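So the structure is just underneath, and the comments pick up after that.
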There are 2 protein chains.
Amino acid sequence: MPGRKAKGAPWWQGRFRGYGYRMTVPREAIVGVLSETSKHLSAEDIFLEVHKVYPSIGLTTIYRTLELLVQMGLVFKFDFGDKRARYELAEGPKGKRHHHHLVCIGCDTVIDYTDFIDEEIELLGQTEKGLSKKFNFKITNHLIQFYGLCKRCQNKK
Amino acid sequence: MPGRKAKGAPWWQGRFRGYGYRMTVPREAIVGVLSETSKHLSAEDIFLEVHKVYPSIGLTTIYRTLELLVQMGLVFKFDFGDKRARYELAEGPKGKRHHHHLVCIGCDTVIDYTDFIDEEIELLGQTEKGLSKKFNFKITNHLIQFYGLCKRCQNKK
DNA sequence: ATGAAAATGAAAACCATTATCAATAAAGAT
DNA sequence: ATCTTTATTGATAATGGTTTTCATTTTCAT
């Protein structure tokens, strides 16, 4: 029954333990917020959201935890052109589909797309294999973003 | 005779004029530095290089000019994980081949690769076309980066 | 329950990038 | 060549997201 609200430990706790990290209330809350949105949240966005439930958790902890999560591969960190970094939960067990981004350089709006992912993924797989061998790299991740002007910004000028 | 040191106006001057911008000594110097390296320079790197020849040119101007160049499409701006932005001349008339990046998350080393570019470019072209139509986006650019651990960093831990 | 070590929060520090503004230089007109 | 307009520049200060610091609190194996 995959969609059910489980009472047991959330799936990500094992991940923390596996890395030798402790499970804490702030970490729980932060992953919780990330897992309930499909938006690209900034550290402050997450702070504000967490703050509603746990007002005592500070922004510093948000940053520290996010860094940890990125390092664990549980979260992706993006730069979309506005100054702040954006964070997204990497695909979890019940996760949404893997997607790439379409970024408007006029208004910094970001569209997630999944439409052409399959072909991309296949090519990426081959490319990764080739690059790994040639450069002795252990590839763990990739970033694909298209930049351009959204409809609204095309008309602006 | 494409490889010759021309005495006339460098090729990029027309580009500035075309945008209604003036051609100045600092701009000349900055594009000059970028056109003579294949490294990924930070604003400060460029400042230091320019400073050797024109000690009066300030860092502010470097930033302003880079922003201009990026906006003109003459320069690409990248974020490789160390805090500073990195800049690269977009392919010019005598430019090097278009390339993508392989970024080590251990030491922030960046490798330019061109090996698998052709297949990637073709797929990207199709994807761009599809995305443009579906989302009404005017796509002007793309970013592809692979992340992982270089040989040295794999052995470290 | 207990204690060692990890994690946290408040505040200060950091530092790449931007904004300000008076002085300078580019480019067309004279 | 000089003048005039206006973009551009440089020094300085300000900005603001992110990190550091360090004393306090919390986790979790025992």
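All of these numbers come straight from a predicted model, not from anything done at the bench.
At whole-Å resolution of the value, CZ in B:Arg86 and C1' in C:dT17 are 15 Å apart. Residue B:Asp82 contributes atom CG, which lies 15 Å from atom C1' of C:dT17 at whole-angstrom precision. The interatomic distance linking A:Ile46 (CD1) with D:dT18 (P) rounds to 10 Å, in whole Å. The interatomic distance linking A:Glu28 (CD) with D:dC28 (C1') rounds to 16 Å, in whole Å. In this structure, CZ of A:Phe16 is placed 16 Å from P of C:dA6, rounded to the nearest angstrom. In this structure, the OH atom of B:Tyr63 is 8 Å from the P atom of C:dT18, given to the nearest Å. Residue A:Glu44 contributes atom CD, which lies 16 Å from atom C1' of D:dT19 at whole-angstrom precision. The nearest whole Å value for the distance from the OH atom in A:Tyr54 to the C1' atom in D:dT26 is 14 Å.
In this structure a side-chain-to-backbone donor-acceptor pair under 3.5 Å is missing from B:Ser132 to B:Lys138. Of the possible donor and acceptor atoms, one in the side chain of A:Arg27 sits under 3.5 Å from a partner among the backbone N and O of A:Arg22.
With hydrogens and angles left out, the side-chain atoms of A:Glu88 and A:His101 include a donor and acceptor closer than 3.5 Å.
When the C1' atoms of four end pairs are superposed on the next four at each end of the helix from C:dA1-D:dT30 to C:dT30-D:dA1, using five pairs per end, the two resulting axes differ in direction by 40°, to 10°.
Distances were taken from every side-chain heavy atom of A:Leu59 (C-beta onward) to each of D:dG10, D:dT18, C:dA27; the shortest belongs to D:dT18. Distances from the side chain of A:Val25 to the nucleotides C:dT17, D:dG17, D:dT27 place D:dT27 closest. Comparing D:dC22, C:dA7, C:dT18 against the side chain of A:Lys83 picks out C:dT18 as the nearest. Distance from the side chain of A:Thr60 is smallest for C:dA10 among the nucleotides D:dT9, C:dA10, C:dA27.
Linking Ile, Leu, Val, Met, Phe, Trp and Tyr whenever their side-chain heavy atoms come within less than 4.5 Å puts B:Tyr54 and B:Leu34 in one cluster.
At a threshold of 4.0 angstrom between heavy atoms, the contacts of A:Arg84 are confined to the sugar-phosphate backbone, with no base atom among them. Within 4.0 Å (heavy atoms only), B:Thr24 reaches sugar-phosphate atoms of the nucleic acid but no base atom. Residue-level contact check: B:Ser56 touches the backbone only, with heavy atoms under 4.0 Å from sugar-phosphate atoms and none from bases. Using a 4.0 Å heavy-atom distance criterion, B:Arg27 is classed as a sugar-phosphate-only contact.
Ion pair B:Asp115/A:Lys134 flagged as a salt bridge, since at least one NZ, NE, NH1 or NH2 atom sits closer than 4.0 Å to an Asp/Glu carboxylate oxygen.
When each of A:His98, A:His40, A:His100 is checked for a side chain to side chain donor-acceptor pair (under 3.5 Å) with A:Asp112, only A:His40 meets the rule.
For the pair A:Arg22 and B:Arg17, both in contact range of DNA chain C, the more 5′-proximal nearest nucleotide belongs to A:Arg22. Nearer to the 5' terminus of DNA chain D, by closest-nucleotide assignment, is the contact made by B:Pro55 (compared with the other of A:Lys77 and B:Pro55). Annotation: of the two residues near DNA chain C, A:Ile57 and B:Ser42, the 5′-most nearest-nucleotide partner is A:Ile57.
Between A:Phe135 and A:Phe137, the ring centre distance reaches or exceeds 6.0 Å.
Atom CG in B:Asn136 sits 9.5 Å away from atom CD1 in A:Ile111 (nearest 0.5 Å).
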